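What you see below is based on every heavy atom in this structure, not just the backbone, and it leaves out hydrogens, waters and symmetry mates. Each chain gets a letter, A, B and so on, in the order the sequences are listed, and its residues count up from 1. Just so it is clear, the model here is predicted, and its values are computed rather than measured.
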There are 2 protein chains.
Amino acid sequence: MAARHTDTREEIVRIGTQLIKSHGYNAFSYADISEQLQIKNAAVHYHFRGKEDLLAEVLDQYIDQYQLLKKQLVQLNASATFAMEKFIERYSILVDANSICIIGSIASDYNTLPESVKEKVHQLVTMVLKMVEETLASGKRSGEFQFSETAKTQTLLVMTNLAAGVQLARITGKKDYDTIKRAIIRQLKG
Amino acid sequence: MAARHTDTREEIVRIGTQLIKSHGYNAFSYADISEQLQIKNAAVHYHFRGKEDLLAEVLDQYIDQYQLLKKQLVQLNASATFAMEKFIERYSILVDANSICIIGSIASDYNTLPESVKEKVHQLVTMVLKMVEETLASGKRSGEFQFSETAKTQTLLVMTNLAAGVQLARITGKKDYDTIKRAIIRQLKG
DNA sequence: ACAAAAACTTACTATTTAGTCAGTTATTCT
DNA sequence: AGAATAACTGACTAAATAGTAAGTTTTTGT
């Protein structure tokens, strides 16, 4: 009796992603996944030879998600404000799920990862930063946003506020994250 | 033949600290420590019953270090500018060592830690934030710093910039960290 | 010098983990 | 319906890991 789940492979990726964000990459095993799905260890290995392969797929899906989000924002002809709201929302959701962003999680374990995966992380980070930079630059041109730094620098400031804000929230609570979030918006909105 | 090192206990803490910052808490084992010190596994257990106990000691030492730093800054009658330089310097050193800050590292594994350790992490974070907040507030009073947010909010912004900046540097390189660092100083210095 | 205490080593155990492979069951394609 | 393929299970192995207990060596204090 195979395929007890609509798509086991996708379920594995889903749970893997969740485990990385909640417990950290080096803190979970294939057993954690197989138990949740009520399948055997070997079934996870069937879909993903090793943990690195699973991580690579998780990262690929993030890259896809961001590409899709970008496409949607273009199609909607979304304002820079709306786009930034969407970006920020992703982090707020993490806080409510007692999770942290995948990049922040992986940054901790970065030195234990094989080169191929490091490259994929780099690709994802570069992509997200580029998207936000373009959004901030466009928002400045349209008069929606105001900031004196370059768009690139402002992006680094905003994204580090968000990423570490989510991490901090785990330790000191949601209030600190909310303070950070409001400050970011206040600064951009002048 | 015991005590091959001046103080094995301290060496264990030193290596443990380093491993957490470079590989992550859940990515190292007692074997990593015992091999480096050329002692047996059991010797590490003699000093620290379990990994959590070692982590607790690592955190205690950080708390002590920050208390000492605070004391020194008071004794020197240091300016807010000098104090902030000292705080920021700690993060710059991490970047050069391809490490991340201990709090950022632990944030990833936070949900896998026992309550007693979580409390210690909370204590450390609260302490550091309080110190920086006081420094920023004092710098504002003296006219050294300028910012429109409250000292507490500005602290959250600056510290999340630094913490995530160090994490980002691992992935995209030192340049991004330097950009962030310069922006922080620029903003505070008006 | 010698007893007590501290700092180990030796030698284990139990558990977890990653991973393999041959065989079984289910699905899809023709 | 039957063959091919996909998706598993069962039954392992090898290595890593946390941890313990008993005994040995070293250091410290008297």
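If you check every strand for non-hydrogen atoms under 4.0 Å, B/K40 touches a base.
Between B/K189 and B/T81 there is a side-chain heavy-atom pair separated by less than 4.5 Å.
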Protein-proximity profile, nucleotides 13-19 of chain C, B/S/- by nucleotide at the 4.0 Å heavy-atom cutoff, equals ----SSB
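For the pair B/Q38 CD and C/dT9 C1', the interatomic distance rounds to 15 Å; values are reported in whole Å. One interatomic measurement links the two molecules: CG of A/L37 to P of D/dT9, which rounds to 10 Å at whole-angstrom precision. The CD-P distance, from A/E10 to D/dA7, rounds to 12 Å in whole Å. In this structure, CD1 of A/I39 is placed 18 Å from P of D/dA6, rounded to the nearest angstrom. Between the C1' atom of D/dC8 and the CZ atom of A/R9 lies a distance of 15 Å, rounded to the nearest Å. Rounded to an integer number of Å, the gap from OH of B/Y46 to P of C/dA11 is 21 Å. Summarising the geometry, the separation between CZ on A/F48 and P on D/dA6 is reported as 16 Å, rounded to the nearest angstrom.
Residues passing the side chain to side chain contact (heavy atoms under 4.5 Å, CB included) test with A/T155 are A/L129, A/V132, A/E133, A/L136, A/M159, sequence neighbours excluded. Legend: residues meeting side chain to side chain contact (heavy atoms under 4.5 Å, CB included) with A/A78, ordered by chain and number and at least two apart, are A/L73, A/L76, A/F82.
Each salt bridge (charged side-chain N to carboxylate O under 4.0 Å, His left out) pair with one or both residues in residues 73-93 of chain A, not counting sequence neighbours, appears once here: A/K86-A/E89. Within the structure, no pair that satisfies the salt bridge (charged side-chain N to carboxylate O under 4.0 Å, His left out) test touches residues 29-56 of chain A, not counting sequence neighbours. Applying the salt bridge (charged side-chain N to carboxylate O under 4.0 Å, His left out) test to every pair with at least one member in residues 91-101 of chain A, sequence neighbours left out, gives these pairs: A/D96-A/K174.
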